[in-house]
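What follows is one structure encoded as structure tokens, with my remarks underneath.
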Amino acid sequence: MPAAVERAHADYVAWRVEALGGASERLPGGGVIARSDRYPDHWYANRIVAATSGDAEIAADAGVRLRSDGLPVRVELPKPFVDARLRRRLIDAGFNLAWISQVLASPVVDAPLPSIAGVQLERVNGASDAEDFWQAYESCFQERQPERSMHVRRLAERPGGVTAYLVRGGDDVVGVAMMFQAGEVALLADAATRPDWRGRGIHSLLVAARLADARDSNTQIVTSDVEPGGGSDRNLARLGLRGGYLREVWTAQNEGGGDDVVGNGPAAQVR
């Protein structure tokens, strides 16, 4: 299961970084090296995702190479593929184990759509919706999105496998989420609620809507990347999503860092 889930994760990372004007290099097992020199500190830039044990070896070398190019870099390795020798190799190259994420990987489950007074769920359909989505994305995640015009244009084209969701409260968009489908896997990605609307069940609504769409498209596995023990982790488990594995995330910051920091880190976001 890790290989299929990580390939879907890699596909989504590649899609996001290409909207930043970056480029992706595929690894033999389906992982990816997603590089953006222009926006090196963006959440989706300079991420290396390993999908198999063979990819893990290559990913470590690629991380060292990007770091030598002066880029902050993140190497993401499913814990089942990491041994003591590989960890030592990363440490010797100046990497640190920054955090461990919980990768949920569950069969599709049914979750009832909660009824929340004063809100309406919509799916992005066209340029106007795409503009609303990315404006709200910045507000919900409290982070700027460089090249937002490119993000809007790509989402407005309704790319295959990508569904974006809006929750409107009156005239405002107060919640956003995406679902990325690759083969039998549906990745629940980038869900967030505007801070002043949290605690009203909007995240549950976005999860339930994506699960319904995944079921209708004959998806076999639903996955999401969450902070272990965090609110999203507990909420997804309450809705019936269980199982999965851990992913180690190794980072190395170029001395002096970057000047265009736009990410807030895992604890602040639902990714």
Report yes if the side chains of Ser101 and Glu227 come closer than 4.5 Å at any heavy-atom pair, otherwise no. no
Heavy atoms, side chains only, cut-off 4.5 Å: are Val103 and Leu246 in contact? no
Is the shortest heavy-atom distance from the side chain of Ser224 to the side chain of Leu241 under 4.5 Å? no
State whether Arg88 and Asp92 are salt-bridged, where the test is any N-O pair (Lys NZ or Arg NE/NH1/NH2 against Asp/Glu carboxylate O) under 4.0 Å. yes
Excluding sequence neighbours, so at least two apart, what forms salt bridge (charged side-chain N to carboxylate O under 4.0 Å, His left out) with Arg234? none
So, Glu143 versus Gln145: side-chain donor-acceptor pair below 3.5 Å or not? yes
One pair to check against salt bridge (charged side-chain N to carboxylate O under 4.0 Å, His left out): Glu57 and Arg85. What are the steps and the verdict? CA-CA 10 Å; Glu57 296 283 342; Arg85 180 185 57 81; 2.4 Å; yes
What distance do His42 atom NE2 and Leu20 atom CG have between them, rounded to the nearest 0.5 Å? 5.0 Å
Kindly determine whether Ile202 and Trp197 satisfy side chain to side chain contact (heavy atoms under 4.5 Å, CB included), including the steps that lead there. CA-CA 8 Å; Ile202 289 175; Trp197 280 73; 3.9 Å; yes
One pair to check against salt bridge (charged side-chain N to carboxylate O under 4.0 Å, His left out): Arg67 and Asp69. What are the steps and the verdict? CA-CA 5 Å; Arg67 189 181 185 222; Asp69 289 344; over 6 Å; no
Which heavy atom of Val73 sits nearest to which heavy atom of Gly63, and what is that distance? CG1-O, 3.8 Å
Rounded distance [0.5 Å steps], CD in Glu6 versus CZ in Arg247: 4.0 Å
Hey, what do you get for CG (Leu90) to CH2 (Trp250), rounding to the nearest 0.5 Å? 5.5 Å
Rounded to the nearest 0.5 angstrom, the CD1-OG distance for Ile221 and Ser106 is 9.5 Å
Which atoms form the tightest heavy-atom contact between Ile48 and Ala62, and what is the distance? CD1-C, 3.6 Å
Measure the shortest side-chain to side-chain distance between Trp15 and Arg154 over non-hydrogen atoms and say whether it is less than 4.5 angstrom. yes
Going through the checks in order, is the side chain to side chain contact (heavy atoms under 4.5 Å, CB included) test met by Phe180 and His9? CA-CA 9 Å; Phe180 185 85; His9 175 52; over 6 Å; no
Rounded to the nearest 0.5 Å, how far does CD of Gln102 lie from CG of Leu236? 10.0 Å
So, Arg158 and Asp129, do they make that salt bridge, N to O below 4.0 Å? no
For Thr219 and Gln181, does a side-chain donor sit closer than 3.5 Å to a side-chain acceptor? yes
Would you mind reporting whether Val75 and Val249 have side-chain heavy atoms less than 4.5 Å apart? no
Could I get the full list of salt bridge (charged side-chain N to carboxylate O under 4.0 Å, His left out) partners for Glu25, not counting sequence neighbours? Arg65
Inter-residue atom distance Gln220.CD - Asn218.CG, 0.5 Å rounding: 7.0 Å
By salt bridge (charged side-chain N to carboxylate O under 4.0 Å, His left out), which residues pair with Glu184, not counting sequence neighbours? none
Verify whether the ring centers belonging to Tyr44 and Tyr39 lie closer than 6.0 Å. no
Following the transitive rule for hydrophobic clusters with a side-chain heavy-atom cut-off under 4.5 Å over Ile, Leu, Val, Met, Phe, Trp and Tyr, establish whether Ile33 and Phe81 coincide in one cluster. no
For residues Asp213 and Thr163, is any side-chain donor paired with an opposing acceptor at under 3.5 Å? no
Counting neighbours of CZ on Arg26 that are heavy atoms of other residues, nucleotides or ligands and sit closer than 6.0 Å, is the number greater than 12? yes
So that I can tick it off, tell me whether Arg74 and Glu76 are bridged by a salt bridge, with the cut-off set at under 4.0 angstrom between side-chain N and carboxylate O. yes
Any heavy-atom pair between the side chains of Thr251 and Pro72 that's under 4.5 Å? no
Tightest non-hydrogen contact, residues Gly29 and Asp55, listed as N-OD1, 2.8 Å
Same cluster or not: Trp43 versus Met150, using hydrophobic residues (I, L, V, M, F, W, Y) connected whenever any side-chain heavy atoms lie under 4.5 Å apart? no
Derivation and outcome, side chain to side chain contact (heavy atoms under 4.5 Å, CB included), residues Leu77 and Leu86: CA-CA 10 Å; Leu77 305 171; Leu86 187 55; 4.2 Å; yes
Are side-chain heavy atoms of Val167 and Val173 found at a separation under 4.5 Å? no
